[in-house]
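Report on the structure given below.
For ligands, and for the atoms within them, numbers begin at 1 and follow the listed sequence.
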Amino acid sequence: MKDNLRTTIGLEIHVQLATKSKMFCRCDNNAEGKAPNSVVCPVCLGMPGSLPVTNKQAVEWTMKTGLALNCQIPKIAKFDRKHYFYPDLPKDYQISQYDEPFCLGGYLEINDAVISNDSEKSYEISRLDKSMGRNDTLIKIRLNRVHLEEDAGKLIHSNGKSLVDLNRAGTPLMEIVTEPDIKSPEEAGEFLRKLQRIVRDEVQVSEASMEKGHLRCDANISVSDNNGKMSPIVELKNINSFKFVEKALTLVEAKLKDEYLEWPEGNTKETWGYDSKKNEVYLQRKKEEAADYRYFPEPDLPPIDTTEFDLDEIKGQFGESIEKKIEKYEEIGLTRGEANTLASNRTKEELFKAISQNSSLLLKVGKFVVHYNYDFNEGDIERAVEYAKAITASKENKISSNLFAAITKSIHLGESFDRSLEKVGGEQITDESAIGETIEEVLKNNPAEVAAYKQGKTALLGFFIGQIMKATEGKADPKIIHKLLQEKLK
Ligand code: ZN
Ligand code: MN
């Protein structure tokens, strides 16, 4: 029953725009390192009688982002007031966009064959060889809209007191809302990485650092069965790294599936939190009434005629084109899906470039960087030469794929190639008689499987190979195993 459960994820992403001034006033939009409440004015403090003026650059950049995300730009857009009370929101309403945003629809394409986020799993088996020739494609994640609003201030809680810093109040904030098209936590991670690349490197409107809060993500996740029975919709708010978004979603997904029999009737909503230190999720609150924000058109700002902007010119201002990079990576032999992952993930791309400088095996390097999920970081880029050595050794069949996985893991943890090779256990076993003996032993210990195999259950071949690999600690040459095993099973 539980095998038929489907996961549905939607994301809501807020991106701070790196404009020179704030959204509706002339305050400096860069308050990094400045004293609390020092970059403020009557407008962003929400003083009575102050009047907002729209930042043209922010409007242009929002449409620029929308164009990169394949959105339509309606002719008319307007701002609305969204009312709610919170101590970091001085006006008691946020200027946002309700029914006439700058960008509608659109989509972003991601790899549909995303590798598991479980890094232990990727250590175990060779993804490099398995994934060779895989025919993965791109899928479209549809967007609902992209709109522009202003950010709120920040609350700082310390020693039982709560303090407010309004430097951030009035920062231009783009909100990007997806349709519920995402089917796994890994896809959510893939989507976010690509979106970050687009806003930071393609349209260049934000530094988009999640750690610094330039890019913030809320996620909705639910699970349903084939008969329309559905779990509560769980909302996860403000998670500050891609890894944590994936981890939190993975945990919630598992819990919802476990609780299948206890799902409440009707569509219920819950807010859950994520504790990154313990890697745990927990219920924060069941959803009260749907919030009523009493939206109405902002009376102090006129609607905006977007036809006054030269969209073609805006399009011409793009930085590096992700699509062009994808084509370039397809040319070296990567599938479109793999090329997309490489072009969408800055760390992986930098690692690819660094290893490529030390190896001419471009395709193999690309496959490795795309499919191995070691939480690649700066240190890996420094060890590019070592990875290149491992890739060459693998290409020359000096190490088995299992050994390759163990060695690259060890390089990732800081060792050199030579030291890893020593540590992980020497060169590959290619001695046919030694491998033959191991095979004999494995077959002797598994008579039932041997009988079944001989009666036609040929899928058991994988089982035998696994046992032999285990007995030789992954060092036996797979080609020789294959050859000998088939001879001996005749
Ligand atoms: Zn201001
Ligand atoms: Mn918002």
* Asked: Mind checking whether Y372 and K409 have side chains closer than 4.5 Å, heavy atoms only?
  ->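 Result no, sub-4.5 Å side-chain heavy-atom pair not found.
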* the Mn ion (ligand 2) reached by H147 (N, O or S, under 2.8 Å) -> no
* Has E12 got an N/O/S atom less than 2.8 Å from the Mn ion (ligand 2)? -> no
* Structure fact -> The atom name of the N, O or S atom in E175 nearest to the Mn ion (ligand 2) is OE1
* Centroid-to-centroid, Y98 to Y293, below 6.0 Å? -> no
* Asked: If you stand at the Mn ion (ligand 2) and look out to OE2 of E149 and NE2 of H14, what angle do those two lines make, to 10°?
  ->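 Vertex at the Mn ion (ligand 2): approximately 90°.
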* Evaluate side-chain contact (heavy atoms from CB on, under 4.5 Å) for R346 paired with R200, printing each intermediate quantity in order. => CA-CA 10 Å; R346 178 149 81 170; R200 187 187 53 202; 3.2 Å; yes
* **Which atom of I355 lies closest to which atom of V369, heavy atoms considered** =>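 Shortest heavy-atom contact: CD1-CG2, 4.1 Å.
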* Asked: On the ring face of F309, is K64 found with NZ or CZ under 6.0 Å from the centre and within 45° of the axis?
  -> no
* C41 SG and C44 SG subtending at the Zn ion (ligand 1) (10° steps) ->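 Centred on the Zn ion (ligand 1), the SG/SG angle is 110° (to 10°).
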* Asked: How many degrees, to 10°, between C25 SG and C27 SG as seen from the Zn ion (ligand 1)?
  ->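 Here the angle at the metal atom is close to 110°, to 10°.
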